[in-house]
Student: 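Quick one: this structure, given as structure tokens, is what I'll be asking you about.
A, B, ... follow the sequence lines: proteins, then strands. Residue 1 opens every chain. Side chains included, hydrogens not; waters and symmetry mates left out as well; all remaining heavy atoms used.
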Number of protein chains: 2
Amino acid sequence: MRISELARRSGVPVGTVKYYLREELLPAGEPTSATQAQYGEEHVARLGLIRALLGTGGLSISTARAVLAAVDDPELSAHDMIGAAHSALPTMVGNERPDLGAAHAHLRRWGWQVHHDSPAVSVLAQALQALQAAGFDTPNALLDRYARAAHELGEQDVAEVPMDSPVEAVRFVVIGTLLLEPVLLSLRRLAQEDVSARRLFRWPDA
Amino acid sequence: MRISELARRSGVPVGTVKYYLREELLPAGEPTSATQAQYGEEHVARLGLIRALLGTGGLSISTARAVLAAVDDPELSAHDMIGAAHSALPTMVGNERPDLGAAHAHLRRWGWQVHHDSPAVSVLAQALQALQAAGFDTPNALLDRYARAAHELGEQDVAEVPMDSPVEAVRFVVIGTLLLEPVLLSLRRLAQEDVSARRLFRWPDA
DNA sequence: CATTATTAGCAAGTGGAACTATCTAATCAT
DNA sequence: ATGATTAGATAGTTCCACTTGCTAATAATG
């Protein structure tokens, strides 16, 4: 398959395919001459993954490159995998490092064993800070409930990782972690709608 | 307080404050002359909220404007509020409308009462499509567990909405829905880390 | 074999988003 | 009255994810 067919099959414009090649998101095809290369089914699948990461996953090109590198790495061993996957994932931090104190206090309260400098801790800390800056109170009870729900999900996520193949496991963790996020968020919103509809939520006629 | 002090207090550069004024994210101050205006504490707080929405919340300027308009609207009545809040929230869709069939099938299975054309349904549908495009299998069992966790959170979210003041309620729903999202996502990742650490997750020595 | 289409690879351009800088005329602070 | 500050407007900047336009080489077709 040549580039134009690859473009047709994947629904990605030729120019964009070339761009992804340049950005090393998509591996080069097998060159058959100075101006031609062959692409296979794996390229079609890879483009599907790339579009999913960039679109729904909301990743930048450079983050996607890191994530895909993790997916490709056959050396990635075991428990480090989740760590590697997570550190390849986007942190959306950007600005100064937030105060990790509150976040660590919560983690201690829940007895969670996590790396002290895990990027997710920074994200949590920053999110808590943002809530505070926005004047939104976050009592422990609320966070505890969120933590419990998150922990149930985390257990299920980890339990489902296919243990027979490291390559598949990395794929599973990286993609599952990232692409299930919008699923989770939209389900939460839909659940809010459902609950509020069920309660026929109304004000006492202001 | 004049603009330079407002900028100092909030940590937002003067030029950016002016930009937010232009974009109608921040209400104008009380003008004291043709070239001067007074700002108050509410402006400082509002800037905190704006930065939280734009930064941690990941909203665009135009989406933030819609969200803030919802927060400001004292008319917004009751159960419509959650709907209004949600429709003001970002959909991150952008491209063509996805096939809603699968999403609706799940919602029917769960017996959730949601608006057929709720934006969250589109987000869910698109996320499911992205998973499929990425070659990631999402069996019903997995989604069911996610739905159950999400529904628990949704119940708690709705139960905590302060019913005594419509204005506060809108604030709570909009900010809570948006700014707790990164909290939830980071907690899920941390829970994954915790679970995988506990299991001393290892391969059988490849 | 001649002609047309396609391709790899590269450089430059585009459009949107979120600021950031500059300027002017008015006003304030001392 | 002299320097600092401000509102308001316009223009410029930076970054990002493409997109366009090229060239020289190769492939497909009649």
Side-chain angles (χ1 to χ4, degrees), chain A residues 1-40 43 46-47 49-68 90-96, chain B residues 1-40 43 47 49-68 90-96 130:
Chain A
M1 176 179 1
R2 293 181 298 175
I3 201 173
S4 56
E5 193 183 344
L6 175 61
R8 201 178 41 69
R9 288 273 309 277
S10 63
V12 179
V14 172
T16 308
V17 173
K18 287 184 175 185
Y19 173 62
Y20 293 158
L21 287 166
R22 249 177 288 140
E23 293 293 334
E24 301 188 335
L25 305 182
L26 185 67
E30 194 62 32
T32 62
S33 77
T35 65
Q36 221 91 14
Q38 280 293 316
Y39 303 91
H43 290 90
R46 178 67 160 236
L47 278 172
L49 175 54
I50 292 172
R51 297 303 306 231
L53 293 179
L54 294 181
T56 305
L59 301 196
S60 68
I61 295 285
S62 74
T63 307
R65 180 166 39 238
V67 168
L68 290 169
T91 30
M92 60 175 88
V93 173
N95 43 7
E96 325 94 67
Chain B
M1 167 176 14
R2 294 178 297 174
I3 201 172
S4 56
E5 192 182 347
L6 175 60
R8 201 178 42 69
R9 289 272 310 277
S10 62
V12 179
V14 172
T16 307
V17 173
K18 287 186 176 184
Y19 173 62
Y20 293 158
L21 287 167
R22 252 177 287 139
E23 294 293 331
E24 301 189 335
L25 304 182
L26 186 68
E30 196 62 33
T32 61
S33 79
T35 65
Q36 223 92 11
Q38 281 293 316
Y39 303 91
H43 290 91
L47 279 172
L49 175 55
I50 291 171
R51 301 259 43 181
L53 292 179
L54 295 182
T56 305
L59 301 197
S60 68
I61 295 284
S62 74
T63 308
R65 179 167 40 236
V67 168
L68 290 168
T91 31
M92 59 178 86
V93 174
N95 42 8
E96 327 95 64

Student: What one-letter contact string describes nucleotides 12-30 of chain D from 5' to 3', where B marks a base within less than 4.0 Å of any protein heavy atom, S marks contact via sugar-phosphate atoms alone, and - marks no contact?
Tutor: -----BBB-----BSS---
Student: dA9(D) P sits how many Å from Ile3(B) CD1, rounded?
Tutor: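 Result: 13 Å.
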Student: Which whole-number value in Å describes the distance from Leu26(B) CG to dA7(D) P?
Tutor: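 Result: 11 Å.
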Student: Measuring from atom OG1 of Thr16(B) to atom CG of Leu26(B), what distance do you get when rounded to the nearest 0.5 angstrom?
Tutor: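 Thr16(B) OG1 to Leu26(B) CG: 11.5 Å, rounded to 0.5 Å.
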Student: Using whole Å, what does the distance between atom C1' of nucleotide dA18(C) and atom CZ of Arg65(B) come to?
Tutor: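 Taking CZ of Arg65(B) and C1' of dA18(C), I get 12 Å after rounding.
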Student: When rounded to the nearest 0.5 angstrom, what is the spacing between CZ in Arg8(A) and CD1 in Ile3(A)?
Tutor: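 Here the rounded value is 13.5 Å.
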Student: Would you kindly give the CD-to-P distance between Gln38(A) and dT7(C), to the nearest whole Å?
Tutor: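 Going from CD in Gln38(A) over to P in dT7(C) covers 11 Å.
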Student: Over how many whole Å does the gap from Met1(A) atom CE to dT7(C) atom C1' extend?
Tutor: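 Whole-Å distance recorded here is 16 Å.
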Student: I need the Leu53(B) CG to Thr63(B) OG1 distance, nearest 0.5 Å.
Tutor: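 Output value for this atom pair is 10.0 Å.
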Student: Rounded to the nearest 0.5 Å, how far does CG of Leu47(B) lie from CZ of Arg9(B)?
Tutor: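 If I round to the nearest 0.5 Å, the distance is 10.5 Å.
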Student: Atom CD of Glu23(B) and atom P of dT10(D): how far apart are they, to the nearest Å?
Tutor: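 The answer, rounded to whole Å, is 14 Å.
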Student: Taking Arg65(A) for its side chain and Glu23(A) for its backbone only, find out whether a donor-acceptor pair lies under 3.5 Å.
Tutor: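 Judged by distance alone, yes, a pair lies under 3.5 Å.
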Student: Tell me: CD of Glu24(B) to C1' of dA18(C), nearest whole Å?
Tutor: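 To the nearest whole Å, that distance equals 17 Å.
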Student: Measure the spacing between CZ of Arg51(B) and OH of Tyr20(B) and express it to the nearest 0.5 Å.
Tutor: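 Rounded to the nearest 0.5 Å, the CZ-OH separation comes to 3.5 Å.
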